[in-house]
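Working notes, structure below.
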Amino acid sequence: MTEYKPQQLDEKWQQEWTASKAFEVDVDPSRPKFYALEMFAYPSGHAHVGHVRNYIIGDVMARTKRMRGYNVLHPFGWDAFGLPAENAAIKTGTHPETSTLNNIAHMKGQLQRLGISYAWAREIATCRPDYYKFNQWIFLKMFERGLAYRKRSTVNWCPSCNTVLANEQVIDGRCWRCGSTVEARDLEQWFFRITQYADELLKGLDSLTEWPEKVVVMQRNWIGRSEGARITFRVAGSDQTFEIFTTRIDTIYGATFGVLAPEHPLVDRFAAESPEPQAFRARVAKFRSLDREARLTGAVEKEGFDTGRKAINPFTNEEVPIWIANFVLAEYGTGAIMAVPAHDDRDYEFARKYDLPIRIVVSHGDQTPASADAMTTPTTNYGVLVNSGPWNGREAPAVISDMIRDAEKRGIGKGEVQYRLKDWGISRQRYWGTPIPVIHCEKDGVVPVPYEDLPVELPKVAHFTGRGDSPLAQVADWVNVTCPKCGGPARRETDTMDTFVDSSWYFLRFADPTNSELPFDPVAAGYWMPVDFYSGGVEHAILHLLYSRFFTRVLRDVGLVNFDEPFTRLLTQGMVLKNGAVMSKSIGNVVDPDDMLQKYGADALRLYVMFVAPPEKEVEWSDAGLEGTFRFVFRVWRIVDHWAETVGGEGMPESSLAECTDAERALRRKTHDTIRRVTTDIEERMHLNTAVSSLMELVNELYSFSEGTAHGAPTRGEPPAGRIERPQTIAALREALDALVLMIAPFAPHTAEEMWKMMGHVGGLAAAKWPSFDPEVAKADHVEVPVQINGKVRARVTVPADASEDRLREVALSNTIVQSHTNGKTIRKVVIAKGPLVSVVVS
RNA sequence: GCGGAAGUGGCGGAACGGCAGACGCGCUAGCCUCAGGAGCUAGUUGGAGCAAUCCAGUCGGGGUUCAAAUCCCCGCUUCCGCACCA
């Protein structure tokens, strides 16, 4: 018996694949393409099994599709810019570039030891000038189109990372990366106008039928479209006005006060005009800080004060008080609202607290309280309007569009759509990122760097302090330049780009990773894109995936691509836990794949990770489970080794089903049944766990079948003797073993390659064809059909698998057990159901 | 509060309205072995029975159907996302 040494097989075949460039590909319009991609990696230093689960999932898909005849692009790269490397530099003095390149080298080795079939010739790293040059190129295109712009604004500032965060990067008032409490700061920032694509990004979600519903919903909520109206209120006794946004204009007759956000522009004017400006401002300031504090802790106490000013409701013409309160958000809508306490939870809470008037204007029949005083909770559903002048008796939603039309006619408002989505702030006051390619000239202002001067390369900075401003500001000979327009003295922009810019288009770069003129060749991208199968963590459900959809549309408008959606099918893989927690260095529960490779080899590890649960589910790591799949690979190895000499070879002996014994027919049937199941489990359902279990069943069947032959099943130290002469037996075994080896290859590629050779085949597995499914064989043999009487299975009958329904009915009813149950009763119905199953109904 | 997903053995999980618990882990017994944390065979939802077999059973309660883990309604629980978005 040939000894099974997984570690040696890993090494042997990995070298072979590299030498033969087995996974490198070129554009080939004559073949169907398949683009399999896993979210690229941040080079943190070491990949743990949680990370590699994702790469194995993608590799199973890529290897399967390759054997199915597709021209498969399966590349990998590094999301190499980012704060951790810079923070490490501050701590240890190692330059971010040095540590990043070291980390990449180590992690690349890990992935290669796992046997992931990447086209390494296409490897990219975002920190290389040949990559980030095109971040800058795309930035300039966006600048030309007004999609990149600069504005002063209050931003989220992380005091620990010393940089700005996008709204998406603030979670519960804390930095997504380090968990520090985020502060507000006023800074000049660069923004990408993603809001211009808000509606398109929202509508595009409908076409993403192969994305998890959950991710689509999260994006839809994030974009947060709401239809309503913008209505102008005049301030009584002045020419000042302010606008409010509402989705419930039907309740406007119940607006008993107005509320401004503390940051609303009118607040400063009110303060200035008030008798005691100082006191006024102090109160506002309190709400501003309160607002922020409240949002951090989640303890939300609504507070506010009456400005003493009145607003005129343009529908009722009555004067209502204007308040300032912490619960109105400056960033959303117009930063001001009409408060309708009878029909809005927040307004109701506020009105009760400060004893403001409540007026019911929507009736819900019996449910409606007799008076506002009797009201205990606001009613927020649509209903019939009351106390609403000419609109009484009308009903929402129909009345809403009529009221908007009326407001438009009278010039006091208009219908409007609001989005929760904000423009994307991309400026970061850090070193390790893409320099923003603009120059600030005293005379010409903001001047874009000319295309021919790209890339603007990062200068080598020797010293990292981690204080305040961008480290780039201290590199004088880099910062001080001449203006490209006037030749006068000028300074470079010293902020760098958010690293999410890097990851918003990298999937396109893989189509043409060495292009020095353009981000990528449109023809190459046209062939490979869109990504057919994309997998990664659900933590990127909003940020990365939304930005990538945005960039794809921008590049479409620039003329580089001709499609809208970059990722056809998305799989969000679940995390791997150890002792109930996500693996992390600080908890000390990291499972290093290299330890597992040492002990069991790549194939057992790959099989285990695929088998333990469906890919999208979270899993708990188990050493015992890994032992189990190791035993399985060993079991496969032994059965192949046992028979290779006896039944191996190319071609297939003559064998018709009719000549087969029952056992041979059963094995052939199992083989084809397994082919069907494994193929659909991988390609259609993405149930990689059940694909593996089907293969285990086939192996079990092979052992049972072997028991029935003169050679027996493989046991330790008993090599099979002699040859099998019967062609039907050879055919059944060879067919089953070939199919097994081929289908296990995506999961256990090293072992499969070796077994393929043992079976006497020439040429590697990548070039071999996936076994083909024969439905005739799959349904051969007799089948046992259960017979149900009044919903309960009472008997089983055996019929040829191709028996007609009439024949099946006849056999079932003649069965003795069935007859004992139906004896003397009227048979009302006999149904032949799929399954198959005979269902008899008696009275 | 709003939105989403899900509740099946000791455990991970199977079952695209048709024999519930495939496959694996763990456990039990036997075989083999100098030995085994190796291998092979059998068993493993609960209850009754020597047994063939029977009864109950997929969070709880109703319903649709010849047939429900699966579809519908009500309730409970868990996980996840958003969270003062007007």
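The chains referred to below are lettered A, B, ... by the order of the sequence lines, with proteins before strands, and numbering in each begins at 1.
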Which residues pass the side-chain contact (heavy atoms from CB on, under 4.5 Å) test with A:Arg676, not counting sequence neighbours?
A:Asp673, A:Phe773
Does the side chain of A:Ser226 come under 3.5 Å of the side chain of A:Tyr332 through a donor N or O and an acceptor N or O?
yes
Using distance alone, with no hydrogens and no angle criterion, decide if A:Thr195 and A:Trp424 have a side-chain donor and acceptor under 3.5 Å apart.
no
Cation-pi between A:Arg359 and A:Tyr253: NZ/CZ under 6.0 Å from ring centre and within 45° of the ring axis?
no
Measure distances between side-chain N and O atoms of A:Lys302 and base N and O atoms of B:C84, and say whether any donor-acceptor pair falls under 3.5 Å.
yes
Whole-Å gap separating [atom2] ([N]) and [atom1] ([X]):
X: A:His687; N: B:A15; atom1: NE2; atom2: P; result: 6 Å
X: A:Ile244; N: B:A86; atom1: CD1; atom2: P; result: 12 Å
X: A:Trp211; N: B:G4; atom1: CH2; atom2: C1'; result: 17 Å

Of the nucleotides B:C66, B:C19, B:A86, which has the atom closest to the A:Pro786 side chain?
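Selected nucleotide: B:C19.
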Nearest to the side chain of A:Gln788 - B:G13, B:C16, B:A67?
B:A67
Partners of A:Asp344 by side chain to side chain donor-acceptor pair (under 3.5 Å), sequence neighbours excluded?
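Per chain and number, A:Asp344 pairs via side chain to side chain donor-acceptor pair (under 3.5 Å) with A:Arg346.
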Would you mind calling B:G43 syn or anti? Take O4'-C1'-N9-C4 for purines or O4'-C1'-N1-C2 for pyrimidines, and syn is within 90° of 0.
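It is anti.
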N/O donor-acceptor pair under 3.5 Å between A:His343 side chain and A:Asn381 backbone:
no
When you check every protein heavy atom under 4.0 Å of nucleotides 22-27 of chain B, what one-letter string (B, S, -) results, 5' to 3'?
BBSSS-
Select base, sugar-phosphate, or nothing to describe what A:Ser839 touches, counting heavy atoms under 4.0 Å on all strands.
base
Describe the nucleic acid contact of A:Arg828 in one word from base, sugar-phosphate, nothing, applying a heavy-atom distance below 4.0 Å.
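Answer is nothing: A:Arg828 stays at 4.0 Å or more from every strand.
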So, is A:Lys214 close to the B:G4 phosphate, meaning a side-chain N or O under 4.0 Å from OP1 or OP2?
no
Looking at A:Arg220, does any N or O in its side chain come under 4.0 Å of the phosphate oxygens OP1/OP2 on B:G81?
no
Would a line drawn from the ring center of A:Tyr608 to the ring center of A:Trp621 be shorter than 6.0 Å?
yes
